[in-house]
Amino acid sequence: MVRETRLDPDDFIYPLFVRSGRGVKSEISAMPGNYHFSVDRLVQEVGEAIEDGVRAVILFGIPDHKDAVGTAAYDDGAPVQSAVRALHESYSDLTVVTDVCLCEYTDHGHCGVVRDGEVVNDDTLELLARTAVSQARAGANVIAPSDMMDGRVGAIREALDEAGFESLPILSYAAKYASSFYGPFREAAGSAPQFGDRKAYQMDPANSDEALREVALDLEEGADIVMVKPALSYLDVIRRVKDAFGVPVAAYNVSGEFSMVAAAAANGWIDRERIVLEILTSIKRAGADIILTYHAREAARLLR
Ligand code: PBG
């Protein structure tokens, strides 16, 4: 009766990786229990997740071809766009969030267009906007830009409005740190930068005043939900953002955070079920309304 924080499966967004083909379900070695799915197998997985109590998913695409400008990101027939259509055909009240970024789609692995060894912010905006509109046309319910280019929320908002998607919400990865906790995801998405790092566009883990400035900018540009990422080393940032703005806040319990738990549990060093619920509770207690987590299915099951 006196418990202050309660987890609910409605809090979770379940991240999934989708690629082309049929009948594909191949495990990501650094993220046991997570897979690359072809669209048909993805539909199956999501059906089972819904039975467990999951109500929302976020999709990441694994393209067949990568090039310098991430063409596959804004191809209407690409795996993510096809998956959104297929999921809506099968499940009427599922929320489908789509990640907008170029790093999974560029051969150099950066989140934007590269010129003379540098990511060019403003040239990237148009491609991100095009990606968002293509995902919206496929039926995405929430657009989630993760690239961290300056001005991308405004650019995406404008493009969505022009295309007739005025009421489609934007969940912006607003305070996204240049973190080592993304390692397993980069293996999963084959998106590790081929040169340099992401420190020019992602944030320094040492800063939290800057996180508030990043969030303020994204809200001004039209973000409806703001995200802090990663979650666990940044619980203080989640709390500051929630207190300062009072808007819906999401937190991304990222791949490295997931894989550490999975590895320790596989060795019998920790009690996986209790740790998962403790971790997710702490993220919610810090102020997150929404948690993106690879534990979504198991946590939803545990909460039943
Ligand atoms: C793409 C993106 C990344 C993640 C989500 N979207 C990787 C990155 O910035 O390198 C990481 C998610 C995770 O680690 O679970 N920009």
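Since this is a predicted model, take the numbers as computed values, not measurements.
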Does the side chain of F185 reach to within under 4.5 Å of the side chain of S191, using non-hydrogen atoms? yes
Heavy atoms from other residues, nucleotides or ligands near CD of E48 exceed 12 (cutoff 6.0 Å): yes
Ion pair present between K66 and E104, side-chain N to carboxylate O less than 4.0 angstrom? no
Which heavy atom of V113 sits nearest a heavy atom of D123, and at what distance? CG2-O, 4.1 Å
Before giving the answer on salt bridge (Lys or Arg N to Asp or Glu O under 4.0 Å), spell out for R152 and E221 the whole-Å C-alpha distance, their side-chain angles and the decisive distance to 0.1 Å. CA-CA 8 Å; R152 93 276 202 216; E221 290 176 30; over 6 Å; no
Of the non-hydrogen atoms in A30 and S259, which two are nearest, and what is the gap between them? O-OG, 2.6 Å
Should D161 and R157 count as an ion pair when the cut-off is N to O under 4.0 Å? yes
Ionic contact status for R85 with E89, cut-off 4.0 Å: no
Shortest non-hydrogen contact from L128 toward C101: CD2-CA, 4.2 Å
hydrophobic_cluster_shared for L217 and V226, side chain cutoff 4.5 Å: no
Relative to the ring of Y173, is the ring of Y252 parallel (under 30°), tilted (30 to 60°) or perpendicular (over 60°)? tilted
With the threshold set at 4.0 Å, does a side-chain nitrogen-carboxylate oxygen contact exist between D8 and K284? no
Carboxylate-amine/guanidinium proximity below 4.0 Å for E214 and K176: no
Can you find a pair of side-chain heavy atoms, one from V247 and one from I225, that are under 4.5 Å apart? no
Report the C-alpha distance between S146 and D99 in whole Å, list the side-chain angles of each, state the deciding distance to 0.1 Å, and finish with yes or no for side-chain hydrogen bond (donor to acceptor under 3.5 Å, both in side chains). CA-CA 7 Å; S146 69; D99 182 89; 3.1 Å; yes
Got a sec, which pairs hit side-chain hydrogen bond (donor to acceptor under 3.5 Å, both in side chains) with one end in residues 260-273, sequence neighbours left out? R272-E298
Given the side-chain rings of F17 and Y35, with only the six-membered ring counted for Trp, is the space between their centroids under 6.0 Å? no
Identify whether the distance between the nearest side-chain nitrogen and carboxylate oxygen of D243 and R239 falls below 4.0 Å. yes
Taking the side chain as every heavy atom from C-beta outward, state whether N253 and Y294 have any pair of such atoms under 4.5 Å apart. no
Minimum heavy-atom separation for Y177 to Q202, with atom names? O-OE1, 3.2 Å
Smallest separation among heavy atoms of L102 and G112, with atom names: CD1-CA, 4.0 Å
Under a 4.0 Å N-O cut-off, is there an ion pair linking D64 with R19? no
What residue among Q81, R137, Q135 forms side-chain hydrogen bond (donor to acceptor under 3.5 Å, both in side chains) with D76? R137
Does the side chain of Y105 pick up a donor-acceptor pair with the side chain of H65 at under 3.5 Å? no
Can you give each donor-acceptor pair under 3.5 Å made by side-chain atoms of residues 54-61, sequence neighbours left out, with the distance rounded to 0.1 Å?
| residue | atom | partner | partner atom | Å |
| --- | --- | --- | --- | --- |
| R55 | NH1 | D10 | OD1 | 3.2 |

Would a hydrophobic clustering, with Ile, Leu, Val, Met, Phe, Trp and Tyr connected at side-chain separations under 4.5 Å, put V133 with L125? yes
Do F165 and V100 share a hydrophobic cluster (ILVMFWY, side-chain heavy atoms under 4.5 Å, transitive)? yes
Go through H295 and F12 one step at a time and tell me if the ring pair (Phe, Tyr, Trp, His ring centres under 6.0 Å) criterion holds. CA-CA 9 Å; H295 296 297; F12 305 146; 9.5 Å; no
Drop me the distance from C103's SG to D147's CG, to the nearest 0.5 angstrom. 9.0 Å
Is K199 salt-bridged to D204, cutoff N-O under 4.0 Å? no
So R274 and E278, salt bridge (Lys or Arg N to Asp or Glu O under 4.0 Å) or not? Walk me through it. CA-CA 6 Å; R274 291 177 61 187; E278 185 173 334; over 6 Å; no
Exercise: identify the closest heavy-atom pair between A250 and L171: CB-CD2, 4.3 Å
Tell me, which pairs form a salt bridge (Lys or Arg N to Asp or Glu O under 4.0 Å) where one or both residues lie in residues 20-38, sequence neighbours left out? R22-D40
May I ask you to check whether over 12 heavy atoms, not counting those of E210, lie within 6.0 Å of atom CD? yes
Is the F181 to F258 ring centre distance short of 6.0 Å? no
Hphob cluster co-occupancy, Y74 + I170, side-chain heavy atoms under 4.5 angstrom: yes
Under the side chain to side chain contact (heavy atoms under 4.5 Å, CB included) criterion, do E187 and M31 qualify, and how do the steps go? CA-CA 9 Å; E187 185 208 300; M31 301 173 69; over 6 Å; no
